[in-house]
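Below, chains carry the letters A, B, ... as their sequence lines are ordered, and counting in each starts from 1.
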Amino acid sequence: MKEQLRTLIEQALDRLRSAGTLPADASAAFVLERTKSREHGDFATNAALALAKPARTNPRALAQALVAALAPNALVEKVEIAGPGFINFFLGPAAYHQETRRVLDEGVRYGCNTTAAGRRTQVEFVSANPTGPLHIGHGRAAAVGDCLARALAASGAEVTREFYYNDAGVQIENLARSTQARAKGSKPGAADWPADAYNGDYIGDVAEAYLRGDRVEFENHVVTGAKNPDDIDAIRQFAVAYLRREQNADLAAFGVKFDVYFLESSLYGDGKVEETVRELVKHGHTYEEGGALWLRTTDFGDDKDRVMRKSDGTFTYFLPDVAYHLSKWQRGYQRAITELGADHHGSLARVKAGLQALDMGIPKDYPEYVLHQMVTVMRGGEEVKISKRAGSYVTLRDLIDEVGRDATRFFLIARKSDSQMVFDIDLARSQSNDNPVYYIQYAHARVCSVLRQLDERGLKWNRDNGLAKLARLDNEHESALMVEISRYPEVVEAAALNLEPHLIASYLRELANALHAYYHAHQFIVDDADLRDARVALAVAAQQALANGLDLLGVSAPEQM
RNA sequence: GCGCCCGUAGCUCAGCUGGAUAGAGCAUCAGCUUCCGAAGCUGAGGGUCGGGGGUUCGAAUCCCUCCGGGCGCGCCA
């Protein structure tokens, strides 16, 4: 709908250019947007305001010329010039009838676009180390990353979801030692308890399972507890397997599936780390100092140079990170989007600097990134402190169990990811009207209910007749709902383009509101068959948009509540 | 100290690639069910968009500065 209008305007601008009203090189960066108020029509553009200067004329005059150059279009009922030179487009009912038909024709595909068509895109998110259960912050990462992936896929991208984890570093040693201490009967606080150990109760569970000889399956691996508390290698393997399995189960329960699990250790195994060092040295952005090998990241905007190989010969985390992102590029992802906590923001600048230093033609904005801010958890009116070492924190599993998958996902996705948010567990779990997810789901279920009613009354909805009789829908609520529905494709596109999945959540609330209001104002199931068919057609279109939008959020669209 | 993010109604948050009277939910108050599900609808009150400058025809939005909060700034990950 919007695209058609935009094309119309572009064509008119071309005419003005060839007529000499506009200079041939006048750039056409103008905005076409939905109006806030219907008094200003359906869409407005600032094209005349934006192009007045290069045209060396005043905006109102240019607006008039532009309007005069517009080709007649069946969808546009009226065009007005307003204020300093806005051009307001009033669409006729036919435009919305066409759109409503499109919704029913396209079904689950309604709202898809091609703005990212054919681009091999990788979204990396969560990427938690296997040293403990996932907490609410990972939940936010999972919700944001997964919704982004869905929105990008709906925009035509070929999306791969990837989870990267460290399976070999210092923290894993720490995990192994913690588990071993537990297996030997020590506990946090005891004299022989390791200083930096993980104190959570789950370590005890891992140790017990190990001593029992439990069999753990995950990602095509099978690991069996060796029972021997002195075998640190076996303990390490088992603990990683155990926690990976738990994390995967939590993510599955959250409705998130990954295509690729990438192990940091593989970067050493296949020589990628060495290759990265070699390339960096070769391109001359490194130097040795104090026995360490440094990368001159300051050449690429970092505020200080970074050590890549420590004087003891081991690598800092920074180098495998670069090697990992290099592998993304080499695996053919034209776009890589990294979703991570804002506390890791600094590492991104380094990774990007590292990629540039490789001098391999990797774009400067590779990878793109989306940051999420911290989540404060409230329970019983008090903040729940998150501390992995202390072992007291709200796990993602707790939330899914207490709050439900749908509400948890919705809450975590509904806020812009780069603002901090408060997650009030009591509020989220309340099955009341405080809870926006139910409001939206209810709107969907409500249409299902109408369809059931139709059936119970022995009335058949004639889809084609309904679409043919859309002209019968002429009240305010009906036109408002048609407008809301027609916005859906624009919202999907904006969410994918700006990497802002929360837009979908806000939109769905507005769509649900339009549906609820309509439902209350008018009876859908009326005796007049034409009117009934038409109203049900509109309701079903709304249902489809709701279902499609909820699907992008990974939230279910129930047929009844 | 430096960098990034944030500061919008009592509370939780949208709006931010500049646009027309600043929005929603909750909370408060007042209404709405002989009727397809009231997990709903309608209405009211509530704002120096943290403060101050600047750019512009136009600023919640861009720039500067100050205040207040968060997170980073290791030969830790």
Side-chain angles (χ1 to χ4, degrees), chain A residues 29 31 33 35-37 39-40 44 46 49-50 52 58-59 82-86 88 129 131 166 169-172 174 196 264 289-294 302-304 306-318 320-321 341-349 371-374 376 378 411 414-424 427 430-443 445-454 456-457 459 477 497-498 502-503 505-507 509-510 512-513 515-526 532 535-536 539 560-561:
Chain A
V31 175
E33 60 187 2
T35 57
K36 277 189 213 157
S37 146
E39 293 164 33
H40 297 130
N46 67 348
L49 291 163
N58 73 70
F86 290 108
N88 294 333
N129 283 340
T131 54
N166 172 321
V170 176
Q171 301 204 28
I172 297 299
N174 206 349
D196 293 325
E264 183 187 357
E289 187 181 300
L293 184 63
W294 295 70
D302 201 359
D303 55 356
K304 59 177 80 163
R306 306 290 166 177
V307 170
M308 19 194 282
R309 195 174 56 218
K310 297 183 260 183
S311 47
D312 67 4
T314 62
F315 297 110
T316 59
Y317 73 98
F318 158 63
D321 274 2
D343 53 341
H344 290 92
H345 180 246
S347 76
L348 270 168
L371 302 176
H372 68 264
Q373 287 285 351
M374 298 184 59
T376 306
M378 302 288 286
F411 266 66
R415 310 277 188 260
K416 200 169 43 170
S417 74
D418 67 357
S419 20
Q420 293 168 238
M421 65 169 287
V422 174
F423 193 107
D424 185 330
L427 177 69
S430 74
Q431 302 226 334
S432 70
N433 35 356
D434 301 358
N435 210 328
V437 66
Y438 295 125
Y439 180 87
I440 296 164
Q441 290 181 317
Y442 182 43
R446 192 161 234 181
V447 178
C448 297
S449 174
V450 168
L451 295 175
R452 282 194 297 272
Q453 269 297 317
L454 267 177
E456 280 169 27
R457 297 187 194 183
L459 296 169
H477 290 94
L497 209 61
N498 305 325
H502 75 279
L503 296 175
S506 341
Y507 164 77
R509 197 181 199 292
E510 284 158 21
N513 178 252
L515 188 277
H516 285 309
Y518 177 36
Y519 179 90
H520 276 274
H522 301 281
Q523 193 81 12
F524 297 177
I525 304 176
V526 291
R532 183 177 67 230
R535 283 185 170 167
V536 173
Q560 42 191 319
M561 304 292 287

Inset, instruction - Could you check which nucleotide pairs with rC36(B) in any of the strands shown, counting Watson-Crick or G-U wobble with both distances under 3.5 Å? - result: none
Inset, instruction - Answer yes or no: is there an ion pair linking Arg306(A) with Asp303(A), defined by an N-O contact shorter than 4.0 Å? - result: yes
Inset, instruction - Report the nucleotide, chosen from rU42(B), rU21(B), rC75(B), that has the shortest atom-to-atom distance to any side-chain atom of Ala517(A). - result: rU42(B)
Inset, instruction - Under 4.0 Å between any heavy atoms, over every strand shown, what does Tyr519(A) touch: base, sugar-phosphate, or nothing? Just pick one. - result: base
Inset, instruction - Would you indicate what Asn166(A) reaches in the nucleic acid, counting non-hydrogen atoms under 4.0 angstrom: base, sugar-phosphate, or nothing? - result: sugar-phosphate
Inset, instruction - For Lys36(A) and rA20(B), give me the distance from atom NZ to atom P, rounded to whole Å. - result: 3 Å
Legend entry - Residue Lys310(A), side-chain atoms from C-beta onward, closest of rG15(B), rG37(B), rC75(B): rC75(B)
Legend entry - Shortest side-chain distance from His520(A), nucleotide among rC41(B), rU12(B), rA20(B): rC41(B)
Inset, instruction - Pull up the glycosidic torsion of rU33(B) and say syn or anti, syn being anything within 90° of 0. - result: syn
Legend entry - Stacking check His344(A) vs rG72(B) (5.5 Å / 30 deg): no
Legend entry - Phe86(A) CZ to rA20(B) C1', straight-line distance once rounded to whole Å: 6 Å
Legend entry - Shortest side-chain distance from Leu49(A), nucleotide among rG19(B), rA20(B), rC36(B): rG19(B)
Legend entry - Nearest non-hydrogen partners of Ser347(A) and His344(A), listed with the distance: OG-O, 2.9 Å
Legend entry - Distance test, side-chain N/O of Gln373(A) to OP1/OP2 of rC71(B), below 4.0 Å: no
Inset, instruction - For rC26(B) versus rU21(B), give the span between their P atoms, rounded off to a whole number of Å. - result: 28 Å
Inset, instruction - Check Ala292(A) against Val307(A) and note the closest heavy-atom contact, atom names and distance. - result: CB-CG1, 4.1 Å
Inset, instruction - Could you work out which one of rC13(B), rC71(B), rC35(B) sits closest to the side chain of Val422(A)? - result: rC13(B)
Legend entry - Arg446(A) side chain near rA38(B) phosphate (N/O to OP1/OP2, under 4.0 Å): yes
Legend entry - Between C1' of rC6(B) and NE2 of His502(A), the distance in whole Å: 14 Å
Inset, instruction - Send over the distance from Glu510(A) CD to rA14(B) P, rounded to a whole Å. - result: 14 Å
Legend entry - Whole-Å P distance, rA27(B) and rG52(B): 33 Å
Legend entry - Nucleotide paired to rG18(B) in any strand shown, Watson-Crick or G-U, under 3.5 Å: none
Inset, instruction - Among rC35(B), rA38(B), rC73(B), find the nucleotide with the atom closest to the side chain of Arg306(A). - result: rC73(B)
Inset, instruction - With the side chain of Tyr439(A) defined as its heavy atoms from C-beta on, choose the nearest nucleotide among rA77(B), rC75(B), rG40(B). - result: rG40(B)
Legend entry - Sugar-phosphate, base or nothing in reach of Met308(A), heavy atoms under 4.0 Å: nothing
Inset, instruction - Round to a whole Å and report the spacing from OH of Tyr438(A) to P of rA38(B). - result: 19 Å
Inset, instruction - Please measure how far the C1' atom in rC13(B) lies from the corresponding atom in rG31(B), and state the result in whole Å. - result: 27 Å
Legend entry - Pairwise P distance, rC11(B) and rG51(B) [rounded to whole Å]: 15 Å
Inset, instruction - Of all the heavy-atom pairs spanning Pro436(A) and Arg509(A), show the shortest one and how long it is. - result: CB-NE, 4.3 Å
Inset, instruction - Taking atom P in both rC66(B) and rG10(B), compute the distance separating them and give it to the nearest angstrom. - result: 28 Å
Legend entry - Counterpart base for rG31(B), defined by Watson-Crick or G-U wobble contacts under 3.5 Å: rC41(B)
Inset, instruction - Tell whether Ser311(A) reaches the base of rC75(B) with its side chain through a donor-acceptor pair below 3.5 angstrom. - result: yes
Legend entry - OP1 or OP2 of rA14(B) under 4.0 Å from side-chain N/O of Ser506(A): no
Legend entry - Watson-Crick/G-U partner (both atom distances under 3.5 Å) of rG47(B): none
Legend entry - Aromatic ring proximity, centroids under 6.0 angstrom, His516(A) and Tyr442(A): yes
Inset, instruction - Supply the atom-to-atom distance Tyr439(A) OH to Asn513(A) CG, rounded to the nearest 0.5 angstrom. - result: 3.5 Å
Inset, instruction - Write down the distance separating the C1' atoms in rU8(B) and rU61(B), rounded off to the nearest Å. - result: 12 Å
Legend entry - Side chains of Tyr317(A) and Asn166(A), donor plus acceptor under 3.5 Å: no
Legend entry - Whichever of Asp418(A) and Leu451(A) has its nearest RNA chain B nucleotide further upstream toward 5': Asp418(A)
Inset, instruction - For Gly85(A), report the nucleic acid contact type (base, sugar-phosphate, nothing); a contact means any heavy atom under 4.0 Å. - result: nothing
Legend entry - His516(A), nearest nucleotide to its side chain (from rC41(B), rC16(B), rC75(B)): rC41(B)
Legend entry - Distance under 6.0 Å and angle within 45° of ring axis: Arg532(A) vs Phe524(A): no
Inset, instruction - Assign His372(A) to base, sugar-phosphate, or nothing according to its heavy-atom contacts below 4.0 angstrom with the strands shown. - result: nothing
Inset, instruction - Might you point out which heavy atoms bring Leu49(A) and Pro59(A) nearest each other, and give the distance in Å? - result: CD2-CB, 3.7 Å
Legend entry - Base rA20(B) paired with Asn88(A) side chain (donor-acceptor, <3.5 Å): yes
Legend entry - Along RNA chain B (nearest heavy atom to each residue), the more 5'-positioned of Phe524(A) and Thr35(A): Thr35(A)
Legend entry - Under 3.5 Å on both distances, the Watson-Crick or G-U partner of rG58(B): none
Inset, instruction - Take the protein atom CG of Asn513(A) and the nucleotide atom C1' of rC41(B), then report the distance between them rounded to whole Å. - result: 9 Å
Legend entry - Any Lys304(A) side-chain N or O less than 4.0 Å from OP1/OP2 of rG74(B): yes
Inset, instruction - Choose from rC36(B), rA39(B), rG19(B) the nucleotide whose nearest atom is closest to any side-chain atom of Met561(A). - result: rA39(B)
Legend entry - Residue Tyr442(A), side-chain heavy atoms: nucleotide from rC75(B), rG37(B), rG69(B) that is nearest: rG37(B)
Inset, instruction - Using a 4.0 Å heavy-atom cut-off across all strands, classify Ala443(A) as base, sugar-phosphate, or nothing. - result: nothing
Inset, instruction - Look through every strand shown and name the nucleotide pairing with rA24(B) as Watson-Crick or G-U wobble, where both distances are under 3.5 Å. - result: rU12(B)
Inset, instruction - Answer with yes or no whether the side chains of Asp312(A) and Thr314(A) bring together a donor and an acceptor at under 3.5 Å. - result: yes
Inset, instruction - Please state whether the phosphate of rA77(B), meaning OP1 or OP2, lies under 4.0 angstrom from any side-chain nitrogen or oxygen of Thr131(A). - result: no
Inset, instruction - Rounded to the nearest angstrom, tell me the gap between atom CD in Gln441(A) and atom P in rA39(B). - result: 14 Å
Inset, instruction - Looking at every strand, decide which applies to Glu289(A) at a 4.0 Å heavy-atom threshold: base, sugar-phosphate, or nothing. - result: base
Legend entry - Separation of the C1' atoms in rG15(B) and rA59(B), to the nearest angstrom: 14 Å
Legend entry - Who pairs with rG1(B) - Watson-Crick or G-U, where each distance is under 3.5 Å: rC73(B)
Legend entry - d(CG, Asn498(A); C1', rA14(B)) in whole Å: 14 Å
Legend entry - Inter-nucleotide C1' distance (rC49(B), rA9(B)), Å rounded: 10 Å
